[in-house]
Amino acid sequence: MASIGISGVRKSYAQFPVLHGVDLEIADGEFVVLVGPSGCGKSTLLRMIAGLEDITEGDISIAGTRVNDLDPKDRDIAMVFQSYALYPHMNVAGNMSYSLRLRRTAKDKIAGIVTAAARKLGLDPLMERRPRALSGGQRQRVAMGRAIVRQPKAFLFDEPLSNLDARLREQMRGEIKKLHQDLGATSIYVTHDQIEAMTLADRIVAMNAGLIQQVGTPLELYDRPANLFVAGFIGSPGMNVLTGRYEGQTADIARLVLDHGPAIPLGRAYPLTDGTPVSLGIRPEHLELSPAGGAGLAARIELVEPTGFGTILHLVTPGTSSIALKGFTLDRAAAGASREVSLGFPPERLHLFVEEKRVEPAS
Amino acid sequence: MRRKRLLPTALHRLAILAYIAFALFPLYWLLKVSVTPNDLLYSEGVRLWPSHMTLDHFAFVLKHSDFPRFFQNSLIVSGSTAAIVTALASTSGYALSRFEFRAKYLIVALMLLTQMFPLVMLVAPIFKMLTPLKLTNSLAGLTLVYVAFNVPFATFLMQSFFDGIPKDLEEAAMIDGATRFKAFRQIILPLTLPGIAATLGFVFTAAWSELLFSLMLISGNQSATFPVGLLSFVSKFSVDFGQMMAAGVLALIPACLFFLLIQRYLVQGLTAGAVKG
């Protein structure tokens with residue numbers, strides 16, 4: 001177990017910068033998830049921690065020791081790959097014990113450790129099988145087993161669940177979380193799936209275009225996204241964003257005049273001058289639906305997507321320059337296609353962004 | 001339905017049989033002539049099998065000719081060429097497949113360039129180079145030349161096999177605690193056995209049947225390889241077909257044995273199950 005420090009880390013391939021300076025401190029035993037769209041540099045960062053990529057600039061330290069120039073084998077970390085990367089010519093036991101054999105651990109000790117790990121992961125009946133005779137979920141478990149036998153300083157996960165079907169992914173997600181609770185090992189987990197990020201992480205690191213956008217607990221990112229990117233990336237369906245101009249200097253008259261005319265009362269004053277262009281964000285589940293003719297923004301339900309648990313609504317406002325919004329409701333009766341509704345924007349649920357950055361209300 | 005498919009199947013099989021017959025006929029003829037007594041060779045006309053057989057030619061070749069020495073020389077040259085080329089090609093193929101380094105594409109281009117010239121053009125300069133090194137008329141010199149000519153192609157061959165093996169595997173091994181070389185030896189090489197077998201087989205046969213350089217660089221029977229040896233059955237006034245063919249049949253044996261030995265590695269699919277399948 002160990003803490004991991006990343007300071008001023010940059011990465012370029014030839015002349016192309018991929019990471020533009022990343023600073024991050026990961027505490028001992030913490031489960032950190034790096035999340036972001038494809039190409040945001042999250043896997044590159046993970047591979048740099050593992051020692052599989054050179055560090056163009058900056059420092060990475062594990063347990064207080066600078067590891068920039070250490071080979072992967074000397075960093076004492078374990079990694080679970082997206083492809084599992086099991087050794088095809090070794091059986092399950094061979095795969096799991098390889099790292100111990102490389103370290104010349106005594107044979108009886110290896111057997112003990114591997115058996116214990118196999119039992120923990122439910123792999124005991126499969127020990128003699130080759131990887132090709134295993135299902136996807138079993139391979140995934142072997143890959144995890146290979147990582148835990150060695151009790152490394154840190155676990156690195158590179159999108160370990162993205163090759164599994166949805167059902168299995170959910171199950172393995174739970175198993176990874178439980179494993180982390182049992183072992184309490186420092187873990188860094190890369191994914192593009194925000195549900196995985198939300199459910200697994202102690203802290204989420206949201207990345208985009210080679211930069212960290214926000215670091216925080218899952219609910220911090222959900223409740224108070226630092227910028228429009230995080231607002232749009234965390235949460236499903238994604239946050240609605242409306243653009244307009246800010247008006248009014250006191251709480252009772254503060255409002256957002258939408259680009260196409262109507263105004264939305266904000267209920268709180270913000271430290272902005274009148275006429276400042278702002279983006280207003282509201283999550284689909286926070287839009288209040290009431291029968292047409294109410295005080296809110298008039299809209300029509302264009303499409304309904306029932307998920308069973310609730311219903312996703314595709315809404316459009318009337319008029320020539322109509323805007324599309326998404327709503328989410330648990331009330332099946334309210335969700336009827338082509339129904340006219342009125343949308344309420346509860347002030348405590350609103351997120352204001354100026355030039356992509358979050359603005360807090362004036363206290 | 002069944003009847004309909006019978007005809008195409010029959011034609012298909014017939015075509016394959018015809019091809020096999022065409023390809024194997026020279027080998028059959030080799031065998032036939034090698035067991036035909038000299039007095040029947042010209043007197044019986046064209047027959048598929050002589051009216052009586054003899055092993056005299058084989059006995060003569062083994063007991064009274066230099067053939068056993070040619071044979072041994074060929075084995076030494078081809079065996080060491082195959083081993084050296086495969087070892088070199090494995091490492092260089094791995095480097096081309098996995099590493100980015102300066103002048104990589106220049107090296108690839110140069111290696112391709114070596115494959116463009118007809119070998120005949122190179123005989124004289126190579127002879128000139130080997131003479132001061134005292135490598136003419138020696139098996140070591142011949143091996144050196146064969147190695148040089150076979151390494152580029154074998155490298156590309158091995159590279160394509162390495163390309164087929166996911167990078168994740170050696171990265172996983174390196175994180176597990178292996179050095180890159182150990183990961184190469186313990187994880188990647190075992191998975192490349194089909195490729196290694198193919199390369200060994202290819203290089204061995206190429207060296208085994210090479211005539212031009214062997215003829216030019218070696219003089220005298222002491223270091224001659226068997227393709228050159230076969231020519232010794234051609235004398236000024238006659239060709240001793242029976243003995244020549246018997247020697248040819250004998251020469252086929254090591255090549256056949258070699259392929260028998262490696263054929264089980266020539267099956268692909270060892271990597272199945274390594275990554276998502």
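Reminder, nothing fancy here: chain letters follow the sequence lines and each chain counts from 1.
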**Report entry** Smallest separation among heavy atoms of A:Leu102 and B:Gly177, with atom names
**Finding:** CD1-C, 3.5 Å
Query raised in the report: How far does OH of A:Tyr84 sit from CG of B:Asp168, to the nearest 0.5 angstrom?
Result: 12.0 Å
Query raised in the report: Which answer fits B:Gln186, side chain, backbone, both or neither, if we ask what part of it has an atom under 4.5 Å from a heavy atom of chain A?
Result: both
Report summary line: Value for CD (B:Glu170) from CG (A:Leu52), rounded to nearest 0.5 Å, stands at 10.0 Å
Report task. Report, as yes or no, whether the 6.0 Å neighbourhood of atom CG on A:Asp54 holds more than 12 heavy atoms from other residues, nucleotides or ligands. Result -> no
Query raised in the report: Between A:Tyr98 and B:Ala178, what is the shortest heavy-atom contact and its length?
Result: OH-CB, 4.0 Å
Query - Heavy atoms from other residues, nucleotides or ligands near NZ of B:Lys104 exceed 12 (cutoff 6.0 Å) - result: yes
Report summary line: Applied to residues 76-96 of chain B, the ring pair (Phe, Tyr, Trp, His ring centres under 6.0 Å) test, sequence neighbours excluded, yields B:Tyr94-B:Phe99, B:Tyr94-B:Phe162, B:Tyr94-B:Phe184
Report summary line: Value for CD (B:Glu171) from OG (A:Ser83), rounded to nearest 0.5 Å, stands at 9.0 Å
Query - Qualifying residue, where the test is side-chain contact (heavy atoms from CB on, under 4.5 Å) with B:Ile175 and the options are A:Met79, A:Arg75, A:Arg146 - result: A:Met79
Query - A:His89 to B:Ile187 - nearest heavy-atom pair and separation - result: CE1-O, 3.6 Å
Report task. Compare every heavy atom of B:Leu169 with every heavy atom of A:Tyr87, then report the nearest pair and how far apart it is. Result -> CE2-O, 3.6 Å
Query raised in the report: More than 12 heavy atoms of other residues, nucleotides or ligands under 6.0 Å from CZ of A:Phe16: is that the case?
Result: no
Query raised in the report: Does the pair A:Asp71/B:Arg180 count as a salt bridge with the N-to-O cut at 4.0 Å?
Result: no
Query raised in the report: Can you tell me if NZ on A:Lys177 sees more than 12 non-hydrogen neighbours from other groups inside 6.0 Å?
Result: yes
**Report entry** Spacing of CE belonging to A:Met96 relative to CG belonging to B:Asp176, to within rounding of 0.5 Å
**Finding:** 11.5 Å
Report summary line: When the 4.5 angstrom heavy-atom criterion is applied to A:Arg47 and chain B, the contacting part is side chain
